[in-house]
A.B. asks: 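Dumping the structure here so I can ask a few things about it.
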Amino acid sequence: MSDLIKKVTALLNDKTINAFIGYEKGSANRIRAIFVRTEDQVQKLILNASCTQNLTGYLMKHEVKKLGKLGILANVAALRSIMQLASEFQIKDGEVYVLFANADGSLTEFTDFKSIETFLQTTDTGIKSEEQEMIAKLEAMTVNERWLFWNKEFEKCIKCYACRAACPMCYCHRCTTDVNQPQWIPVASHELGNLDYHLMRAMHLAGRCVNCGECATACPMDIPLNLLTYQLISPIKATFDATAGMKADAMYALSTYKPDDKENFII
Amino acid sequence: MEKQLKILKYSDLSKLIEKFRSQGYPVLAPVRKGKVVEIEQVQSLDEIALDVLLSTQSAKKAAFPKVEKVLEYTLEKSGTKQFPVDPADYKETILFGVRPCDASGFKSLDAIFGEEPKDQFYLEKKGKSTIISFSCPVADEYCFCTSVGGGPGNTAGSDLQFTGISKEEILVEILTEKGEKLAATFADLLTDAGKDIDKSKFLADVKVVFDVDGVVEKTTASFNNTALWLEQSLRCIGCGACAFVCPTCACFDFQDEQNTKKGVRLRLWDSCGFSLFTLHTSGHNPREVQSQRWRQRIMHKFAYMPEQLHVVGCEGCGRCSRACPVDMNIKEHLTAIGEKVIV
Ligand code: SF4
Ligand code: SF4
Ligand code: SF4
Ligand code: SF4
């Protein structure tokens, strides 16, 4: 029996949690989320190199919340999502039991926010090197080239909103895109509608994106839209000295005012 | 009409596309775009990805696009003036290299859009499309066409069907009058085929995994089985991916886009997976939670459509499962429903 199965069995038995969100084998070579409540389900838990999905979006899903006290299997991005959700008052300290999967397969448990914060301070939270390369490429482009690059990508978008649904930070019950009286964002998946949606979403995730990549992984049309929000990470850091998902009581850079904030963007 | 069998050489395929183009037909076919495969207008054979199992989205967009203008209007002092889009303006189009499940998917759409009041936007476009499907030499584990009455060589919905029978030759089945009319325009490329060609030898082997009548019966009886729908859909995140790639999903929304002088009315794809889909103006939502939306998706295809339109609303193409970001596998879920003991 794996350590994970042992641990989750114990957590369920002593009622520390009512349900545990982990991974099971999925179709083809995929893995998928499982919501473990029973002995049978516990046996299905797996943990391997393909278990990369950030499961924290489920912490915001109504029917999952109703399962009772939740435990979750987390990777670095998931820990950061939890911090970010905490800073946005979506999760309370101690509300979720967190098991972190270390690279060597061992497990670290986190029962409070403080310990997650401490852990993250010495953890690599950066974006992957291939993504870094893509961003460098994008930044080396002229404004016009970049414009063409994104327009070509957005052409494929069908507005299925899988990106939004998969993102742990897109938890609003009523997204701006869903408001159609008036239409803040054109609802249609045409050129302007796609562009507006992605720009709006990127702006709303500026300083909140924890670079988990779920949005791009979720996209059935293979649009690398995570690069949009990743590109905003360094400007936010440089301008406000803020990084998303590192502290449970962080103030959100784009909704906080400080007297010494730079005002050089005001024309 | 009685089906006719002909032989076409692979080496003549590019001539075939040229012929279509020179007659002025737009040709829509699968085209590779990085990891996705789109059904798009092509100019020549080399653009077409004939070796892919399935395009990412279905072929439905040929007759039911994601965004479609249905009306233009101007706002004038004297009132609103309307300029409806005339469906008669749509062009005769050829859908080339789609799969049998795409072609048969149009049967469901025909049933839905053909109900009164008839949907001219869809019916005109569909009526002006000639469908040349390619049977499937391979399938993958998401495919389950044979469990819902289709198959890798199913000809329902196709006007012509092509099957590769050797490295050089394609068996051409002429299936409808529309197909016959089109085939007449490339008769010089066709030779007669012997009657004894066993097409099934060239098709993928897709195992039947459930009994569709049983699934229909059990789905119909399971409306109130809250636990079933909840367990199946706990991981569903309520996006529109499954519905948008599906060849038979037909739900749509209307949106007006206007300024102070004029506007357009657009028809857009919609999905029962979205919470917004059933949200009332009052704020009340009759499908409050995702499990109810998942139930709707399955019930619509396997209970309501069989009951009201006498077709199962699923072709077993597996696109929804491939596209689902959280690996909701419909074949698995339907199999589980089929195996359920209903008390
Ligand atoms: S998941 Fe992809 S196709 Fe769907 S809305 Fe997002 S970017 Fe568009
Ligand atoms: S925007 Fe994308 S990468 Fe950022 S938190 Fe959301 S899903 Fe993750
Ligand atoms: S429901 Fe899924 S498998 Fe059935 S036709 Fe639609 S996309 Fe294909
Ligand atoms: S089944 Fe998958 S694709 Fe469909 S709504 Fe749920 S998460 Fe989205």
A.B. asks: Heavy-atom pairs under 4.5 Å with chain B are the metric here; pick the option from H190(A), R164(A), H173(A) that has the most.
C.D. replies: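 Max contact count across the listed options: H190(A).
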A.B. asks: After noting the C-alpha distance and the side-chain angles of W269(B) and K60(B), does the key distance pass the side-chain contact (heavy atoms from CB on, under 4.5 Å) rule?
C.D. replies: CA-CA 11 Å; W269(B) 287 347; K60(B) 76 174 167 195; 3.8 Å; yes
A.B. asks: So which residue, C175(A), G193(A), A218(A), ends up with the most heavy-atom pairs under 4.5 Å with chain B?
C.D. replies: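 It is A218(A).
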A.B. asks: Can you tell me which of P186(A), G57(A), A162(A) forms the most heavy-atom pairs within a distance under 4.5 Å of chain B?
C.D. replies: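 Most pairs with chain B among the choices: A162(A).
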A.B. asks: Please walk me through it: do R201(A) and C215(A) pass side-chain contact (heavy atoms from CB on, under 4.5 Å)?
C.D. replies: CA-CA 11 Å; R201(A) 187 169 173 277; C215(A) 48; 3.8 Å; yes
A.B. asks: For T217(A), is it the side chain, the backbone, both, or neither that has a heavy atom closer than 4.5 Å to a heavy atom of chain B?
C.D. replies: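 Neither part.
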A.B. asks: If you tally heavy-atom pairs under 4.5 Å against chain A, which of L276(B), L234(B), L268(B) wins?
C.D. replies: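 Counting heavy-atom pairs under 4.5 Å, the top option is L234(B).
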A.B. asks: Are E231(B) and R37(A) close enough that some pair of their side-chain heavy atoms sits under 4.5 Å apart?
C.D. replies: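 E231(B) vs R37(A): side chains touch.
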A.B. asks: Would you check if there is a donor-acceptor pair between the side chains of S321(B) and K331(B) at a distance under 3.5 Å?
C.D. replies: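 Absent: no donor and acceptor within the cut-off.
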A.B. asks: Who among V37(B), T56(B), V326(B) has the most heavy-atom pairs with chain A under 4.5 Å?
C.D. replies: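 Max contact count across the listed options: V326(B).
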A.B. asks: Flag the one option from L279(B), D253(B), D327(B), V245(B) with the top tally of heavy-atom pairs under 4.5 Å to chain A.
C.D. replies: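 So the answer, after comparing L279(B), D253(B), D327(B), V245(B), is D327(B).
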A.B. asks: Please look at Q183(A) and chain B and tell me whether the side chain, the backbone, both or neither of the residue comes under 4.5 angstrom of a heavy atom of that chain.
C.D. replies: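 Side chain of Q183(A) only, per the 4.5 Å heavy-atom cut-off to chain B.
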A.B. asks: Tell me, side chain or backbone of D140(B) under 4.5 Å from chain A's heavy atoms, or both, or neither?
C.D. replies: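 D140(B) has no heavy atom closer than 4.5 Å to chain A.
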A.B. asks: Between C170(A) and chain B, which part of the residue has a heavy atom less than 4.5 Å away: side chain, backbone, both or neither?
C.D. replies: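 For C170(A), no heavy atom lies under 4.5 Å from chain B.
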A.B. asks: When heavy-atom pairs shorter than 4.5 Å are enumerated against chain A, which of R322(B), E38(B), K35(B) gives the highest number?
C.D. replies: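 If we count pairs closer than 4.5 Å to chain A, K35(B) comes out on top.
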A.B. asks: With ring centroids as reference points, do Y161(A) and Y197(A) lie under 6.0 angstrom apart?
C.D. replies: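 Yes, they do, as the ring centres are separated by less than 6.0 Å.
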A.B. asks: If you take all heavy atoms of L73(A) and G22(A), which pair is closest and at what distance?
C.D. replies: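 Taking every non-hydrogen atom into account, CB-CA, 4.2 Å.
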A.B. asks: Would you tell me whether Q292(B) and Q296(B) have side-chain atoms, one donor and one acceptor, within less than 3.5 Å of each other?
C.D. replies: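 Side-chain D/A pair, Q292(B) to Q296(B): absent.
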A.B. asks: Do other residues, nucleotides or ligands put more than 12 heavy atoms under 6.0 Å from the CD atom of Q41(B)?
C.D. replies: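 Buried by this count: over 12 neighbours within 6.0 Å.
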A.B. asks: Evaluate side-chain contact (heavy atoms from CB on, under 4.5 Å) for C317(B) paired with L54(B), printing each intermediate quantity in order.
C.D. replies: CA-CA 8 Å; C317(B) 70; L54(B) 282 171; 4.2 Å; yes
A.B. asks: Should we say atom NZ of K69(A) is surrounded by more than 12 heavy atoms from elsewhere, each under 6.0 Å from it?
C.D. replies: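 Counting other residues, nucleotides and ligands, NZ of K69(A) exceeds 12 neighbours.
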A.B. asks: For chain B, find which of I158(A), I34(A), L55(A) contributes the most heavy-atom pairs closer than 4.5 angstrom.
C.D. replies: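 Max contact count across the listed options: I158(A).
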A.B. asks: Using non-hydrogen atoms only, which part of E153(A) is less than 4.5 Å away from chain B: side chain, backbone, both, or neither?
C.D. replies: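 When you check distances to chain B, no heavy atom of E153(A) falls under 4.5 Å.
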A.B. asks: Who wins among S275(B), G238(B), S291(B), S271(B) for the most heavy-atom pairs under 4.5 Å with chain A?
C.D. replies: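 Of the candidates given, the most pairs with chain A belong to S291(B).
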A.B. asks: Among P220(A), A166(A), S189(A), who wins on heavy-atom pairs under 4.5 Å with chain B?
C.D. replies: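 Winner by heavy-atom pair count: S189(A).
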A.B. asks: Please classify the contact of E214(A) with chain B as side chain, backbone, both or neither, using a heavy-atom distance under 4.5 Å.
C.D. replies: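 Contact with chain B involves no heavy atom of E214(A) at all.
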